[in-house]
Each structure stands twice: as C-alpha cells, then as structure tokens.
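Only heavy atoms go into these numbers, but all of them, side chains included; no hydrogens, no water, no symmetry mates.
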Amino acid sequence: MASGQEIGDSSNNNCSPKKVYKDPDDGRQRFLLELEFVQCLANPTYIHYLAQNRYFEDEAFIGYLKYLQYWQRPEYIKYIMYPHCLYFLELLQNASFRNAMAHPANKELTHRQQFYFWKNYRNNRLKHILPRPLPEPTAAPPSNALPPPLPPTATTMAASSTPVSATPVPSPMQYGVPSGPPLPKNDPRNAIDRRKRK
C-alpha cells in the first residue's frame, strides 16, 4: 500500500503546473526601468550611442524595441514626460533609420530638427488652435454725409507753411531719458587736462 501512495504522490507532482516567475514588487521595478529606457530614446545622442555600439545589430534588442511599443497605449502614455521618445521609438522600427543614426552628421541633423520643433511648436499650434477674429462689418455711409477730405497736396502744404502750435507728440524714447537739465558728460579729455595742470 505504501508503494501505491508513493506512486500516486509522484503522479500528482508530475501533473502540478510549473512555477511561474513573479516579480517580488509586482513589476514596479521593471515598469520603472522600461519607462526610463523608453524616455532615453528622446535623446538623439543616446540613439547614436546605441548605433555606434552595435545594439541595433542584435535581433534580441530589435525585438525588445518592438515590445516597447506598448508605451503608446493610453494607459501607459500618461507616464511619459518626453513625448519625442515615442516618435523615435516608432522610427527605430525602421532599419534604415537605425543604420543612419550611426553617423554623427545624422545625429546632429536629428538634434537640430528636434530643437527647431521645440522652438516653433507652440507658435505653429497657436496659429491653428486660436480662432481668427471675424472681419468687422463696415456700415454704409448715409446718403447726406459729406465726402471725405482730400489728402493734402504740395500746393496746399506750401500755402500753410506757418507753424501750427499743436501738442507735442511724446517721443517713444521718453521713458529712457529723465526730464530736466541734460546730464553732464564726463569727457575723458578734461580729465587728462586736469592731470597735466597739477
């Protein structure tokens, strides 16, 4: 009978499912590592580093880049602080882009284009987002209104050559110079003359 129980116990052990690896912290560490790596892809210099060190020639690494595309889903994208990383992650799926990033000139070009995007993105978006004001409707002039005055010609300007006392128009630079007597100038020639006299 003992041998029968042993046989039954051994058959139960063979049928039991294999132990599946479970992260001790429920995947938090893996989540943070993958988030950090994906966000590093926003830097063209880092992509150039990966290309120079032949990471893009490793099929396992290419598979890892394909796996990381889950960061584009809405439940994960909310954790991304540098959205350019998702754009570069998409570009890295293309073999020609991976090969091109091995050259320093392409790295500089990519970095420059990224800078121009950051520089002009807000203004370009505002052009499309903000509503344009509607043109003001012009009212038809009444039929008994006087015609508009004619612009002055050379003859009328010569006839009215006498100065007209009008309120002075303030200079656009009025706030830069204080009112009152002019400030004394320090002439370096006067300082030299004083030294010679002593």
Could you go through the side chain to side chain contact (heavy atoms under 4.5 Å, CB included) check for L92 and F61 one step at a time? CA-CA 11 Å; L92 285 171; F61 192 77; over 6 Å; no
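Y70 OH: more than 12 foreign heavy atoms inside a 6.0 Å radius. By the neighbour-count criterion of 12 heavy atoms within 6.0 Å, atom CD of E36 is sparsely surrounded, having that number or fewer from other residues, nucleotides or ligands. For Y55, the OH atom is loosely surrounded, since the number of other residues' heavy atoms within 6.0 Å does not exceed 12. Surrounding OH of Y64 are more than 12 heavy atoms belonging to other residues, nucleotides or ligands, all under 6.0 Å away. Atom OH of Y67 has more than 12 neighbouring heavy atoms from other residues, nucleotides or ligands inside a 6.0 Å radius.
The CD atom of Q52 sits 10.5 Å away from the OH atom of Y49 when rounded to the nearest 0.5 Å. Between atom CG of residue L109 and atom CD of residue Q114 there is a gap of 11.5 Å, rounded to the nearest 0.5 Å.
E90 pairs by the salt bridge (charged side-chain N to carboxylate O under 4.0 Å, His left out) definition with nothing, not counting sequence neighbours.
In this structure the side chain of F37 reaches within 4.5 angstrom of the side chain of L68, judged on heavy atoms. I47 places none of its side-chain heavy atoms less than 4.5 Å from the side chain of T110. Counting heavy atoms from C-beta on, the side chains of L41 and L50 come closer than 4.5 Å.
When atom types are taken as modelled, the side chain of Q39 and the backbone of C85 share no donor-acceptor pair closer than 3.5 angstrom. The main-chain N or O of P104 is never found under 3.5 Å from a side-chain atom of E108 such that the two would form a donor-acceptor pair. H48 contributes a side-chain N or O that, together with a main-chain N or O of M101, makes up a donor-acceptor pair within less than 3.5 Å. The main-chain N or O of L65 is found under 3.5 Å from a side-chain atom of Q93 such that the two form a donor-acceptor pair.
Heavy-atom minimum distance, L86 versus Q72: O-NE2, 3.7 Å. Listed here is the closest heavy atom pair of A42 and Y82: CB-CB, 4.0 Å.
Note on E34 versus R30: salt bridge recorded, some NZ/NE/NH1/NH2 to OD/OE distance being below 4.0 Å.
Pairs of residues two or more places apart, or lying in two chains, that qualify as ring pair (Phe, Tyr, Trp, His ring centres under 6.0 Å) and include a residue from residues 84-109 are H84-F117, H84-W118.
Between W71 and Y76, the ring planes lie perpendicular to each other; the angle is over 60°, past the 30° to 60° tilted range.
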